[in-house]
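Hydrogens, waters and symmetry mates play no part in the numbers below; they use all other heavy atoms, side chains included. Order of listing sets the numbers, starting from 1, for every ligand and every atom in it.
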Amino acid sequence: MADLLINLDALKRNYLKLAGMAPGALCAAAVKADAYGIGADRAGPALWRAGCRDFFVAHLEEAVALRPHLPKARIYVLHGPAEGESAAYLAHDLIPVLNSLPQIDIWTATGGNHPAVIHVDTGMNRLGLGTDEVAELIDNPDRAPFPVALIMSHLACGDEPGHEMNALQQARFSVLGEALRDSRKEAIPLSLANSAGVLLGANYHFDMLRPGIGLYGGNPLTEGDNPLEPVISLQARVLQTREVRPPAAVGYGAVYRVSGPTQLATLDVGYADGFLRAFGEGRWVPEIGGHKAPIVGRISMDMTIIDVSAAPPELVAPGMAVPLIDGVDGIDRAALATGLSAYELLTLLGHRYKRSYVETNG
Ligand SMILES: *Cc1c(COP(=O)(O)O)cnc(C)c1O
């Protein structure tokens, strides 16, 4: 089986690095989608040991699954409650993110004393209360009688530092978020920044950061060097090797034909593992001991064939591990090469691999 190596020490260092960029703010962690594919059951406790106390997931089910691993953490659910789900939120001590007036009503029906987050839309038009709905809450605080744990919004274009949406959303959030906060009796923290927002600077930090991708080693910005450490690397195992001579075709569709004597190795990883066909056709070139080992032919469901003619034979015997994605910016380079985002790459990987975790003092 292919191995996904996950460095929880690097995850913790990335957390501390991002948190350190805004010393006055709390630093939460986005651990939705099984912590972007690396395993929320391991990433969550590792982040807790690094000092993180606030965790965001997307679904109620994700939060319920995470709770036993983080018994004392504040766990927020980004999608918020549907009708009939409130009891589960209370049973597992979860904090819903309320994204609309109907969700606010659902939560109010729990009795008015359980904390919730209010999400204000500032231009993304995905989730969150619009300006009119915020005005309605400001005029009628009793519409939301429960304690508000946090007021948040989300950046649409944080990864592009020069994008005009950033300043616009920052300004809207300052006005709307602060007006809503000031209309209520409690002192309520504000939160706008995902990983990219952390890097955009102090204006974007407010009281709580919510990084995700940066924790897992992806570059939060589309330009410039990645200030964060890689967390994952992917290795496949050699199933068998063979030498072929022309005329010979390789793999499904016989789309690749060798042009000379060629040493092939078949690896135990394919698109069902998240190693999509987008890696094929010359877009991604693995290296073995510093020698290029191009992917040849179509990537299959469970296997990939590489040309190891240039690689040292002692590194490609059956059973040996071959690095497929690794190095300082492996995820970022793979994203660039395949046209997928680092988010897609990470969340696709990891379901079928043997995950191996490294953590000192875990
Ligand atoms: C996913 C998500 C984050 C984290 O975003 P990154 O770009 O991965 O840092 C923060 N806030 C919300 C609302 C999210 O959905």
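Other residues sharing a hydrophobic cluster with Ile95 under the 4.5 Å side-chain heavy-atom criterion for ILVMFWY residues are Leu26, Phe56, Tyr76, Leu78, Val97, Val117, Leu150, Met152, Met208. Residue Met124 is found outside any hydrophobic cluster, as its side-chain heavy atoms come under 4.5 Å of no other Ile, Leu, Val, Met, Phe, Trp or Tyr.
Among residue pairs with one or both ends in residues 124-141, those qualifying as salt bridge (Lys or Arg N to Asp or Glu O under 4.0 Å) are Glu136-Arg143; sequence neighbours excluded.
If you chain together hydrophobic residues whose side chains sit under 4.5 Å apart, Val148 and Ile106 never meet in one group.
For a heavy-atom separation below 4.0 Å, the residues in contact with ligand 1 are Ala30, Lys32, Tyr36, Leu78, Arg126, Met152, His154, Asn194, Ser195, Arg210, Pro211, Gly212, Ile213, Tyr343.
The residue from His154, Arg172, Gln169 that alone fulfils the side chain to side chain donor-acceptor pair (under 3.5 Å) condition with Thr122 is Gln169.
Ring geometry for Phe279 against Trp284 counts as perpendicular: the plane angle is over 60°, on a 0 to 90° scale with 30° as the lower cut.
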